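Report on one structure; see the data block that follows.
Because only heavy atoms are used, hydrogens play no part in the values below, and waters and symmetry mates are left out as well, while side chains stay in. Note that the structure is predicted; figures quoted are calculated from it, not measured.
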Amino acid sequence: IQRLKNNLTTPALFFWFGLALLALFGMVLIYQITPMGMGMVNDSVAYLRGARNILDGEGYTRFVGDGTLDPITHFPPMFSFVMVSVGIFGMDVLRAARFINILCYGLNVFLIGVIVYRMSGKSWFGVAGAVFFIVSEPLLRIHTFALSEPLYLSIMWTALLLLAVQIERPRWYYVAAAGLLTSFAYLTRYVGVAMYATGLVVLLFMQPTWKRRVLDIGIFLAASLPGAALWSLRNLRVSGNAANRPVYWHPLSADKWNEGLGNFWGWLLPETGGLIEDRFWFWGIVIAVLLLALTVWVIVTAIRYLKGLVGRENRLLVMTLITAAHGLAYISGLIIAMTFFDDKTIFEQRMLAPFSVSMLIVIMALLIWLWKQPKIAAKSAVIVIGALLLVSCLEDTTDTIRELNNTGQGYASGRWRNSESIAAVQDIPDDMIIFSNKITAMDILADRPAFLIPWRYEPEGMPDPTYENGIADYQ
């Protein structure tokens, strides 16, 4: 009752009203900058086709070149399921994807504001956190594609917030809800396995007694494992692999590391004058040192919680530890996946987004800590750092807004929608087999299945050793 009264005071009401307005502004912004619908890339087509086939009663499947159906195992199904839940009311899946992403952007803005507000106890800090999310160009752009990342972020932050509340005032339903959402995270993106690691670490180290730890971990696993296990068993049954990713060693190339460094630092720093591109080695050292320092801090702080040396009522410390642990678990899981499971994955912005937004919360935590210091210099530093970050991010974001207002992205662009090749394919008789180097474009734009033309060269420019056998198979 007292917490409810505190949230109904005039300053608190202004905060909730202002945060709701920011969330609404974000939703309108995504709507305005996607006049041609959500951007579409190859992965988008898998989710959209999966949703369409579910609605058509064919299950979570995709078409192969001869029109037969194969179960989809490479892409987890949650995004498609959510599109289906909207599509059953008559909305096409393309419009459903746009509707979902708009809602997710508003929800993510709201969640970031709530999290920072809880950490700081100050409404203006919460509003600042929401504003930084809005002006972060990579986070804005990923919400303009028909991909699973926006939904993943919404699930992720809700689960992490519930874990923080569970540490503050334990209730079985908080940890059960966090576990269920962790399962949903995995069913949205396989790298959501990082949420399992985060939940187990938080509940093992941050709860006060072994009885509470064992109970909470048991509830967490009981709520989180069944969904993931059932999906993995389904995949094993239909394809022989739980995630359609064989295990083999393929270390990351220097180009991939440099791309990741460029994307991460390009989010925070101005990219003019070769500040980042010409100094990848330097920024690689900086991020390695920062991540090492963050890892040491997480370990030391977790041990202090385990020994009962830290109070659980410190919301700033609790949320920072949870977020930092998740950021480290996510980036580690991504690197492991790229090294052992999926050599096609790269450090593009959408892959880095959960890590980047976790680091945004860590940055906000540092600014909050500085602000709480008694010296004027510390508060001045917060203002200067905040202003520099705002200016740096805002420039890229305004450029992106202008760009997206005038054109679609990927297969939603005018170049693809007005393609003569697509128009010609639509006139081909239904019983004729199609071969294409863009089978996803054939699927989403012409509604025709196609066989993939084998590539003579790999992306690195080397001859593809499977090319001749691929041609022979088709002949």
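Between Ser154 and Leu111, the closest heavy-atom pair is O-CD1, 3.8 Å. For Met359 against Gly327, the heavy-atom pair with the smallest separation is CE-CA, 4.1 Å. Between Met119 and Ala365, the closest heavy-atom pair is CE-CB, 3.4 Å. Looking at every heavy atom in both residues, Met156 comes nearest to Ser358 through CE-OG, 4.3 Å. Here the shortest heavy-atom pairing between Ala450 and Ile439 reads O-CG2, 3.5 Å.
Side-chain N or O atoms of Ser436 include one that pairs as donor or acceptor with a backbone N or O of Lys438 at under 3.5 Å. Side-chain atoms of Arg350 do not come within 3.5 Å of backbone N or O of Ile142 as any donor-acceptor pair. A donor-acceptor distance shorter than 3.5 angstrom exists from the side chain of Thr188 to the backbone of Phe184, with no hydrogens or angles considered. Although no hydrogens or angles enter the test, the distance criterion places a donor-acceptor pair under 3.5 Å between the side chain of Gln349 and the main chain of Asn263. With hydrogens and angles disregarded, no donor-acceptor distance shorter than 3.5 Å links the side chain of Ser332 to the backbone of Ala329. Judged by distance alone, the side chain of Ser136 and the main-chain N or O of Leu139 form no donor-acceptor pair under 3.5 Å. Using a distance-only test at 3.5 Å, with no hydrogens or angles considered, a donor-acceptor pair links the side chain of Ser413 to the main chain of Gly410. Although no hydrogens or angles enter the test, the distance criterion places a donor-acceptor pair under 3.5 Å between the side chain of Lys256 and the main chain of Thr345. Using a distance-only test at 3.5 Å, with no hydrogens or angles considered, a donor-acceptor pair links the side chain of Trp283 to the main chain of Leu275. Within the 3.5 Å criterion, the main-chain N or O of Leu268 finds a donor-acceptor partner in the side chain of Ser392.
Between atom CD1 of residue Ile155 and atom OG of residue Ser183 there is a gap of 9.5 Å, rounded to the nearest 0.5 Å. Atom CD1 of Ile219 sits about 13.5 Å away from atom CG of Leu180, to the nearest 0.5 Å. Here CZ of Phe220 is found 11.0 Å from CD of Gln166. Values are rounded to the nearest 0.5 Å. Rounded to the nearest 0.5 Å, atoms OG1 (Thr158) and CG (Leu181) are 6.0 Å apart. Between the OH atom in Tyr190 and the OG atom in Ser232 there is a gap of 7.0 Å [rounded to 0.5 Å]. Atom CG of Leu151 sits about 7.5 Å away from atom CE of Met78, to the nearest 0.5 Å.
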| message | Could you walk me through whether Thr73 and Asn241 satisfy the side-chain contact (heavy atoms from CB on, under 4.5 Å) test, starting with their C-alpha distance in whole Å, then the side-chain angles of each, then the deciding distance to 0.1 Å, before giving a yes or no? | response | CA-CA 8 Å; Thr73 57; Asn241 189 293; over 6 Å; no
| said: Checking Leu160 against Met195 for the side-chain contact (heavy atoms from CB on, under 4.5 Å) test, could you report, in this order, the C-alpha distance in whole Å, the side-chain angles of both residues, the deciding distance, and whether it holds? | reply: CA-CA 8 Å; Leu160 294 179; Met195 290 294 298; 3.9 Å; yes
| message | Under the criterion side chain to side chain donor-acceptor pair (under 3.5 Å), I'd like the reasoning laid out for Tyr47 against Ser148: C-alpha separation, chi angles, the key distance, then a yes or no. | response | CA-CA 8 Å; Tyr47 293 118; Ser148 60; 3.3 Å; yes
| message | Please evaluate residues Val109 and Phe25 with respect to the criterion side-chain contact (heavy atoms from CB on, under 4.5 Å), reporting the C-alpha separation (whole Å), side-chain torsions for both, the decisive distance (0.1 Å), and the verdict. | response | CA-CA 10 Å; Val109 169; Phe25 169 79; over 6 Å; no
| request: Quick one: do Ile428 and Gln426 satisfy side-chain contact (heavy atoms from CB on, under 4.5 Å)? Show the steps, please. | output: CA-CA 6 Å; Ile428 293 177; Gln426 291 173 326; over 6 Å; no
| message | Is there a side chain to side chain donor-acceptor pair (under 3.5 Å) between Tyr60 and Trp231? Walk through the geometry before answering. | response | CA-CA 12 Å; Tyr60 190 54; Trp231 176 250; over 6 Å; no
| request: Applying salt bridge (charged side-chain N to carboxylate O under 4.0 Å, His left out), run through Arg141 and Glu403 and close with a yes or a no. | output: CA-CA 11 Å; Arg141 188 179 285 273; Glu403 170 197 337; 3.1 Å; yes
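By the 4.5 Å heavy-atom criterion applied to side chains, Asn101 and Tyr105 are not counted as neighbours. With contacts defined as side-chain heavy-atom distances shorter than 4.5 Å, the pair Val135/Leu389 does not qualify. Arg234 places a side-chain heavy atom less than 4.5 Å from the side chain of Pro71. Leu22 is listed as a side-chain neighbour of Val131, based on a closest heavy-atom distance under 4.5 Å. Counting heavy atoms from C-beta on, the side chains of Arg189 and Pro354 come closer than 4.5 Å. Contact annotation: the side chain of Ile361 approaches that of Trp157 to within less than 4.5 Å [non-hydrogen atoms, C-beta and beyond]. Side-chain contact check for Leu367 versus Phe125: some heavy-atom pair is nearer than 4.5 Å. The shortest side-chain heavy-atom distance between His250 and Phe340 does not fall under the 4.5 Å cut-off.
No side-chain donor-acceptor contact under 3.5 Å links Trp249 and Thr339. Counted by atom type alone, Tyr411 and Asn42 present one or more donor-acceptor pairs between their side chains at under 3.5 Å. Looking only at atom types and distance, the side chain of His143 has a donor-acceptor partner in the side chain of Asn108 under 3.5 Å away. Using modelled atom types and a 3.5 Å distance limit, the side chains of Tyr117 and Trp16 yield no donor-acceptor pair.
A salt bridge links Arg49 with Asp447: the closest approach of a Lys/Arg side-chain nitrogen to an acidic carboxylate oxygen falls below 4.0 angstrom. A salt bridge is absent between Arg95 and Asp92: the closest approach of a Lys/Arg side-chain nitrogen to an acidic carboxylate oxygen does not fall below 4.0 angstrom. The existence of a salt bridge linking Asp43 and Lys344 is excluded, since no basic side-chain nitrogen approaches an acidic carboxylate oxygen closer than 4.0 Å.
Ring orientation note: the planes of Tyr186 and Tyr196 are nearly perpendicular, at an angle over 60° on the 30°/60° scale. Ring-plane geometry between Phe264 and Phe355 is classed as tilted, the angle between the planes lying from 30 to 60 degrees on a 0 to 90 degree scale.
Heavy atoms from other residues, nucleotides or ligands lying under 6.0 Å from OH of Tyr248 number more than 12. When the shell of 6.0 Å around CZ of Phe280 is examined, it contains more than 12 heavy atoms from other residues, nucleotides or ligands.
Screening Asn258, Ile335, Leu261 for a side-chain contact (heavy atoms from CB on, under 4.5 Å) involving Phe347 leaves a single residue, Ile335. The only member of Val84, Leu48, Leu187, Ile100 that meets side-chain contact (heavy atoms from CB on, under 4.5 Å) when paired with Phe79 is Ile100. Checked options Thr398, Thr397, Thr400; the residue passing with Glu137 is Thr400 (criterion: side-chain hydrogen bond (donor to acceptor under 3.5 Å, both in side chains)).
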